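Data first, discussion second: the structure below is written as structure tokens.
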Amino acid sequence: MPDLHDQISTREKVLIIGAGPAGLAAAAALKALEVPFDLVDRAKHVGGIWNEEREDTPVWPALEMISSREFTQYEDMLQPVSFPEFLSPGHMAKYLRAYAARHQLTDDFRPGVAVRSARPFDEGVWQVELSTGEIMIYRAVISAHGISQRPHRPDWAADVPKSVRVIHSSQWEGPDGLEGQRVLVVGSGQSAADISVDAARRALEVRWSMRTGHWVVPRRIGRVPGDVAASREPSVLGGLNAKIAEAVVTRSVGHPADAGLPRPAAPLLEDSVIISDEVLDRVREGRITPAGEVTGIDADGSLTHLGPESHAGHIRYAPDLIVLATGYEVGADHLSEEIVPRTASGEPDLFLGAFPRGRDDFAVLGQQRVAGGVLPVLVEQADLAAYMVAAARGGDSPALRQFQRLRAGSESAVPTAAAPAGGGALGRLGGVLGTNRVTARSTPGDSGGAEGAGEDLVPSVDRDTLLARLRSVRELFG
């Protein structure tokens with residue numbers, strides 16, 4: 001039950017759903033603006049998917065983050081220098097707990113509490129049912145539930161007989177016990193690459209089924225993390241044309257097609273790249289065998305797939321384990337479908353990836369995929385959500401009216417010139433990506449091998465463009 005000493009009614013509070021990086025950022029921003037809130041999470045500790053005690057976490061202990069320490073921290077609390085340059089889930093979990101403690105966010109945290117449903121009745125009136133059986137009324141809702149609630153499985157997976165074990169990438173725990181087994185990893189993105197590398201440490205054979213080719217970018221350019229190099233020297237990866245950027249990457253790790261993977265479908269600067277120091281080497285060594293799309297399942301559990309290029313014909317394979325790194329479907333179990341409207345293409349109609357049009361009491365954070373570290377995006381969305389809710393709570397606000405006008409129009413009309421750093425509720429991030437050239441380009445979506453998913457999968461966007469727009473709009477609130 002709520003703290004009996006808490007004299008603030010939930011009718012005056014914001015409910016934050018999820019205590020991961022985005023939820024903690026929202027809580028810190030609301031606290032800085034003196035807006036009361038409750039923070040709930042089904043887990044017993046803060047940290048979201050980085051909480052290793054969660055049974056439903058899609059990360060595993062050996063996972064290495066794709067963004068460097070410098071790009072995986074809040075500006076008001078740096079990562080410890082004793083931590084590795086690329087953090088493990090355990091390091092990230094410790095950091096997030098320390099961040100919550102630093103800002104005393106646990107004072108308003110209700111652990112082990114899930115949200116069964118959240119329904120709006122009027123502006124500023126949300127009925128929320130909790131797993132405890134309580135039904136509460138809140139002033140606003142910020143849903144920071146992440147994108148891993150609804151794992152997607154391709155249609156053909158239902159035809160795989162029980163003699164073959166099939167798991168989604170969200171269930172991957174590591175390669176232990178795979179000795180002597182044949183593994184098929186299905187998907188074209190980052191998770192599929194990471195799991196293929198991990199499985200190859202123990203499994204007898206690993207095949208990687210891809211529908212779409214992507215560029216593979218190393219974690220470091222020389223001795224400098226790639227994201228740091230790009231921010232300090234934009235000419236390395238972002239300031240010159242795509243051909244020069246591709247030459248830099250190719251010299252560092254080689255071209256994917258030369259290793260046997262499908263040729264990238266887009267230029268490097270427009271691609272949803274895979275960040276890995278190992279996957280191309282494992283392919284060259286024969287420890288990971290490239291494969292094309294799955295084309296059929298037999299009753300004995302064997303399957304057929306195309307070669308790495310679609311014209312290579314059908315190849316038979318009998319896996320012991322199939323790992324579906326096929327992405328996630330949009331939405332959350334606690335939100336009804338009509339609460340978040342969709343575009344004609346089926347994607348969530350969220351302004352700047354977080355704000356349903358027409359509501360000042362609701363935000364959904366982190367509902368887009370970006371290449372590289374996502375924390376800067378989550379923090380900017382959280383800051384803007386806090387400003388919006390605080391302005392709506394305070395009555396008439398010129399800044400809120402300007403925000404509403406922008407939200408009602410086309411997102412492409414929002415300026416992409418990077419706003420000055422330090423304007424957030426806690427002055428976080430400091431424009432660490434501000435030196436990157438911002439180009440209003442779209443990133444092709446990738447179904448990760450998820451056949452028939454189409455618009456149901458979480459959309460992919462260009463991170464720098466989204467960040468610039470978020471910072472530009474945030475400036476409305478001073």
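Computed from heavy atoms alone, side chains included, the values below leave out hydrogens, waters and symmetry copies. In this text the structure is predicted, and so the values were computed from the model without any measurement. When a residue number appears, it is its place in the shown sequence, counting from 1.
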Heavy-atom pair with the smallest gap, counting every atom of [X] and [Y]:
| X | Y | answer |
| --- | --- | --- |
| W126 | D361 | NE1-OD2, 3.0 Å |
| E411 | R469 | O-NE, 3.5 Å |
| S169 | I195 | CB-CD1, 3.5 Å |

Sub-4.5 Å side-chain heavy-atom contact between [X] and [Y]:
| X | Y | result |
| --- | --- | --- |
| V40 | I16 | no |
| I142 | L15 | no |
| V377 | L467 | yes |
| S68 | Q79 | no |
| I322 | V186 | yes |
| D194 | W60 | yes |
| R69 | F86 | no |
| I339 | P356 | no |

Checklist entry - Can you say whether the rings of F403 and F355 are parallel (under 30°), tilted (30 to 60°) or perpendicular (over 60°)? => result perpendicular

Checklist entry - Centroid-to-centroid, Y328 to H168, below 6.0 Å? => result yes

Next on the checklist: Under 6.0 Å between ring centres: does that hold for W50 and Y95?
Outcome noted: no

Checklist entry - Where do R139 and E12 land on the salt bridge (charged side-chain N to carboxylate O under 4.0 Å, His left out) test, with the steps shown first? => result CA-CA 5 Å; R139 185 183 191 91; E12 299 301 319; 3.4 Å; yes

Checking [X] side chain against [Y] main chain: does a donor-acceptor pair fall under 3.5 Å?
| X | Y | result |
| --- | --- | --- |
| S170 | P58 | no |
| Q381 | L352 | yes |
| R116 | S131 | yes |

Is the shortest distance from a Lys or Arg side-chain nitrogen in [X] or [Y] to a carboxylate oxygen in the other one below 4.0 Å?
| X | Y | value |
| --- | --- | --- |
| D38 | K13 | yes |
| E337 | R150 | yes |
| R407 | D360 | yes |
| R110 | E134 | yes |

Item to check | Distance-only polar pair, side chains of E278 and S276, donor-acceptor under 3.5 Å | outcome: no

Checklist entry - Could you give the distance from CD (E338) to CZ (R119), rounded to the nearest 0.5 Å? => result 9.5 Å

Checklist entry - What is the distance from atom CD of E64 to atom CG of D198, rounded to the nearest 0.5 Å? => result 11.5 Å

Item to check | Test ring pair (Phe, Tyr, Trp, His ring centres under 6.0 Å) applied to H103 and Y99, step by step | outcome: CA-CA 6 Å; H103 292 290; Y99 185 80; 4.7 Å; yes

